[in-house]
Amino acid sequence: MREVFGVFFLSRTLHSALMSLQGALRKSFAALQNHRAVWRSVLEECDPLMESLGNLGEQMQALSRVRVSDTPLGVFPDLQERLQFQLLQAVDVLLHRLWDRMSRLQAIRDSIGNQVSTVLQLYQDAADALGLAAATERSSVVPSLADMLGWLQDAERFYRRQFLQRKTLLQTLRLDDLAQVEGASKSWKSLESPDSEQQITDNLCRLSFFMESQ
């Protein structure tokens with residue numbers, strides 16, 4: 001009788017742990033889908049700002065190659081300095097707007113990281129009850145727990161790396177290096193990782209049945 005009760009208790013414990021973890025995974029993947037849409041929207045806002053920054057860098061380079069005092073415009077005192085000041089002010093405004101977008105990207109990165117940490121902790125707490133077989137079991141329409149946990153971690157690493165690279169690009173931007181300012185837009189676009197993004201999209205598509213089932 002005790003053996004039967006023990007098996008029944010373990011079965012209920014396993015079922016409870018499995019349902020709890022699956023619920024957390026659904027919540028995390030749903031949040032990831034929402035975060036992806038917001039992340040893309042913020043990056044779309046950044047693109048024209050980076051292009052404007054590159055244009056200003058080009059204008060600053062052109063201005064640095066000319067001595068306004070040697071041109072007909074030389075009749076205007078301090079014109080070159082005033083133009084340079086206006087360009088620097090415009091750059092400062094753009095950088096401020098870009099950092100505002102970066103703070104939004106950081107919030108998304110942090111939220112994804114917190115979601116993944118919560119799910120991983122839940123799995124670690126339930127690992128003994130679940131066992132290896134339950135964690136690696138998959139069907140033709142539902143991936144295994146191990147697969148889904150791995151996909152979440154891949155997504156978290158992607159957004160963490162993307163944020164760090166873009167943050168570093170802005171932090172290392174030197175206004176006295178006009179070639180760097182002019183090429184900032186191209187540098188920004190070079191950070192795109194379509195293959196990694198496609199992999200996240202593919203993984204989310206594999207979860208369609210799992211997300212709809214309760």
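The chain is numbered in sequence order, starting from 1.
The minimum heavy-atom distance linking Ser144 with Ala135 is given by the pair CB-O, 3.5 Å. The nearest pair of heavy atoms linking Leu169 to Trp188 is CD1-N, 3.6 Å. Counting all heavy atoms, side chain and backbone alike, Val181 lies closest to Leu173 at CA-CD1, 4.2 Å. Of all heavy-atom pairs between Ala24 and Val119, the closest is O-CG2, 3.8 Å.
Trp151 meets the ring pair (Phe, Tyr, Trp, His ring centres under 6.0 Å) test with no other residue; sequence neighbours excluded. In this structure, the side chain to side chain contact (heavy atoms under 4.5 Å, CB included) partners of Ser111, at least two apart in sequence or on a different chain, are His35. Annotation: side chain to side chain contact (heavy atoms under 4.5 Å, CB included) contacts of Gln115 (sequence neighbours excluded): Lys27, Ser28, Ala31. With sequence neighbours excluded, no residue forms a side chain to side chain donor-acceptor pair (under 3.5 Å) with Asp128. Qualifying salt bridge (charged side-chain N to carboxylate O under 4.0 Å, His left out) partners for Glu182, counting only residues two or more places apart in sequence or in other chains: none.
Donor-acceptor pairing under 3.5 Å is recorded for the side chains of Gln199 and Asn203. At a cut-off of 3.5 Å, with distance as the only test, no side-chain donor of Asn55 or Glu51 sits close to an acceptor on the other residue. Between the side chains of Arg161 and Gln165, no donor-acceptor pair is found at a separation under 3.5 Å.
With rounding to the nearest 0.5 Å, the separation of CE in Met211 from SG in Cys205 is 12.0 Å. Interatomic distance, CH2 of Trp39 versus CD1 of Ile112, reported as 7.0 Å (0.5 Å rounding). The CG atom of Leu25 lies 5.0 Å from the CZ atom of Phe210; values are rounded to the nearest 0.5 Å. Residue Met102 holds its CE atom at 6.0 Å from CG of Leu170, rounded to the nearest 0.5 Å. Annotation: the span from Lys167 atom NZ to Leu105 atom CG amounts to 12.0 Å, rounded to 0.5 Å. For the atom pair CG (Leu178) and CD (Glu58), the distance works out to 11.5 Å, reported to the nearest 0.5 Å.
Taking 4.5 Å as the limit, some side-chain heavy atom of Leu43 sits within range of a side-chain heavy atom of Arg166. Using a 4.5 Å heavy-atom cutoff, the side chains of Leu204 and Arg36 are in contact. By the 4.5 Å heavy-atom criterion applied to side chains, Val38 and Asn34 are not counted as neighbours. Side-chain contact between Leu145 and Glu137: absent, with no pair of heavy atoms (C-beta onward) separated by less than 4.5 Å. In this structure the side chain of Gln33 never reaches within 4.5 angstrom of the side chain of Phe29, judged on heavy atoms.
Hydrophobic cluster membership is shared by Val141 and Leu207, with clusters built from Ile, Leu, Val, Met, Phe, Trp and Tyr side chains linked at under 4.5 angstrom. Leu164 and Ile108 end up in different hydrophobic clusters when Ile, Leu, Val, Met, Phe, Trp and Tyr side chains are linked at under 4.5 Å.
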Next item on the list: Apply side chain to side chain contact (heavy atoms under 4.5 Å, CB included) to Phe163 and Asp110, showing your working.
Entry: CA-CA 10 Å; Phe163 174 79; Asp110 291 346; over 6 Å; no
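Distance alone, capped at 3.5 Å, is enough to place a donor-acceptor pair between the Gln180 side chain and the Thr172 backbone. Looking only at distances, a side-chain donor or acceptor of Thr118 sits under 3.5 Å from a matching main-chain atom of Asn114.
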Let me check something: any side-chain donor-acceptor pairs from residues 86-101 under 3.5 Å, sequence neighbours excluded? List them with distances.
{"from": "Arg101", "atom 1": "NE", "to": "Glu45", "atom 2": "OE1", "distance (Å)": "3.0"}
{"from": "Arg101", "atom 1": "NH1", "to": "Arg97", "atom 2": "O", "distance (Å)": "3.4"}

